[in-house]
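These notes concern the structure reproduced below.
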Amino acid sequence: MKTTKSWIIVSFVFLFLIGIIGMSWAASAAEPTRDSRTYFGYDVEGLEPVTIVWSSDAPLNSYGDAAAIGAKLLIEAESKGKIKIDLHRHSSLYGGRDIPRVLPIGTIDIGGINKGSLMSREIGYAPWVIGYVWKSPEHLMAVPCSPEWFEMEDKLAKDKWNLKPLALSAIGNWDYFSKKPFNSMKDFRGKKVWSYGQLSNAYIAAWGATPVGKSTSEMYMSYYKGGLDIISFTLIGYLHYKFIDCGKYYINMPVYPPGAIGIHYVMSYMNRDKWKSLPTAYKKIILDTFDLACWFGIWEILCQEKLGYYRLVNEKNMVDCGISTKHPEEYEKIKTAAVEAGRKFVIKAGATQEQWDEAQSILKKYADPKYTSQYGWWFKLAWAEADRRLEEIKKSLKAGKSWDDAYLPFEFKRCNDWNTEQFKKAWLDVPRVKWEWNEATRLQN
């Protein structure tokens with residue numbers, strides 16, 4: 001009898017283990033793009049100490065600021081204090097317009113730069129970053145994760161900028177907001193629209209509006225007083241910068257597909273001469289840290305965009321004009337006009353037809369469902385997490401908490417007092433997609 005019972009128990013254990021293994025295999029088969037690599041643990045014994053100067057232009061309580069704080073802590077800890085990060089936050093050393101000038105010459109060692117700035121010296125970036133070409137959220141993720149994307153980044157950053165790309169940076173889905181109701185592309189006519197640079201100038205002019213360049217610090221008063229009729233911003237930024245005081249109409253014609261998040265337009269770079277001077281172990285620590293920071297940002301910003309929309313509509317009385325959702329035919333007109341204007345700008349600015357065709361070929365390749373289907377698992381998890389957080393906020397509001405208090409557990413400001421282990425755990429816990437980037441290329445000088 002004892003033998004029979006033992007055999008039954010062993011059988012159950014065996015079947016249980018087989019089930020666990022089977023489920024694990026099924027999960028990995030369904031998620032071929034999940035990043036499950038081991039981070040850190042590199043040998044730094046005998047290596048000389050170094051100091052790395054990092055100038056961050058990220059605003060207080062933003063993703064970029066949290067990423068900078070956490071990265072400094074992790075890099076210093078994982079290098080056993082041999083790498084010292086001399087971090088200057090909130091543009092206290094150099095602002096966003098200055099970083100492209102001082103980073104290539106080595107005045108500072110690390111900084112974030114958007115491709116709009118890099119186009120001034122290397123128009124080869126432009127064919128890759130034209131907005132309104134993405135077919136789905138998964139398409140926008142598949143392209144920057146591809147090997148072709150990183151090869152382009154590394155080559156262009158090296159040839160004319162003396163920069164080494166570290167990792168992509170997350171930004172919210174840039175969208176448009178207006179002082180007045182907006183129902184069709186015709187409503188752009190005669191309007192003054194904020195622009196971040198020449199490429200967006202081309203889009204805006206194609207819509208019949210006048211592009212106006214302003215720094216972020218100038219935008220509020222210009223928008224408030226009527227110097228700007230329409231601005232482009234993220235939902236989170238629109239809330240935090242209080243632009244809702246100036247215009248309450250959400251056009252909802254996102255640059256990226258609804259439900260997407262931007263990871264292609266901004267990248268963290270290191271001065272390439274500084275990069276060359278570092279031993280391989282230090283390079284790996286830095287790349288690991290920036291990869292984790294990036295995916296934490298993508299995950300958090302996607303969630304916060306949904307929470308920002310809820311707050312803008314329900315507390316701030318924002319009106320969703322819904323071009324992409326209620327008037328999809330107008331959204332298609334807007335996108336088509338923007339893409340064609342972008343193409344004309346790129347060629348006129350000096351990009352070759354070969355550069356244009358190469359970028360379009362890669363963009364088309366990764367729009368294929370055989371690639372995009374490999375990224376659906378990540379969005380499913382992220383959107384579910386966004387829904388979970390929104391339910392928590394609704395419960396807090398129902399219980400009598402203020403909007404600020406209800407949202408605080410999910411704001412980036414919660415990271416301000418985290419220690420190294422808290423950052424490391426939070427960043428490792430976030431589901432990550434693999435960069436299909438060749439490690440040798442990432443490490444090379």
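We're numbering straight along the sequence, starting at 1.
Asp229 has a carboxylate O that lies under 4.0 Å from a charged side-chain N of Lys192, or vice versa, which qualifies the two as a salt bridge. Salt bridge status for Lys316 with Asp245: absent, with no side-chain N to carboxylate O gap under 4.0 Å.
Annotation: side chain of Gln360 is not in contact with side chain of Asp357 (no heavy-atom distance under 4.5 Å). Between Trp161 and Leu103, every side-chain heavy-atom pair lies at or beyond the 4.5 Å cut-off. Proximity of Leu302 to Glu385: side-chain heavy atoms (C-beta onward) are nowhere separated by under 4.5 Å. No side-chain heavy atom of Trp194 sits less than 4.5 Å from a side-chain heavy atom of Val212. Within the 4.5 Å cutoff, the side chain of Val339 has no heavy atoms near those of the Tyr203 side chain. Side-chain contact check for Ile108 versus Leu93: some heavy-atom pair is nearer than 4.5 Å. In this structure, Pro165 and Phe150 have side chains that are in contact, with non-hydrogen atoms separated by less than 4.5 Å.
Distance alone, capped at 3.5 Å, places no donor-acceptor pair between the Asp109 side chain and the Asn271 backbone. Side chain of Glu305 to main chain of Ile236: a donor-acceptor pair is present (N/O by atom type, distance under 3.5 Å, no hydrogens or angles). Distance alone, capped at 3.5 Å, places no donor-acceptor pair between the Arg189 side chain and the Met185 backbone. Looking only at distances, no side-chain donor or acceptor of Glu148 sits under 3.5 Å from a matching main-chain atom of Ile362.
In this structure, Lys164 forms no cation-pi arrangement with Tyr269, as its terminal cationic atom is not both closer than 6.0 Å to the ring centre and no more than 45° off the ring axis. Cation-pi contact between Lys335 and Tyr331: present, with separation from the ring centre below 6.0 Å and deviation from the ring axis of at most 45°.
The distance between the ring centers of Trp295 and Trp435 falls below 6.0 angstrom.
Results of the ring-ring contact (aromatic ring centres under 6.0 Å, His included) test with Trp174 over Tyr238, Tyr132, Tyr265, Phe233 single out Phe233 as the only residue that passes. Partner of Asp291 under the salt bridge (charged side-chain N to carboxylate O under 4.0 Å, His left out) criterion, chosen from Lys284, Lys434, Arg442: Arg442. Residue Tyr176 forms a ring-ring contact (aromatic ring centres under 6.0 Å, His included) with just one option from Tyr250, Trp207, Tyr249, and that option is Trp207.
Closest non-hydrogen pair, Arg414 versus Leu408, comes out as CB-O, 4.1 Å. Of all heavy-atom pairs spanning Val102 and Ile105, the tightest one is O-CG1, 3.3 Å.
Tyr39 and Arg37 share a donor-acceptor pair across their side chains, judged by distance under 3.5 Å alone. Counted by atom type alone, Ser324 and Asn252 present one or more donor-acceptor pairs between their side chains at under 3.5 Å.
Within a 6.0 Å radius of CG in Asp429, other residues, nucleotides and ligands contribute more than 12 heavy atoms.
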Discussion item. Using ring-ring contact (aromatic ring centres under 6.0 Å, His included), reason through Tyr256 and His264 one step at a time and then give a plain yes or no.
Written reply: CA-CA 11 Å; Tyr256 318 131; His264 79 299; 5.2 Å; yes
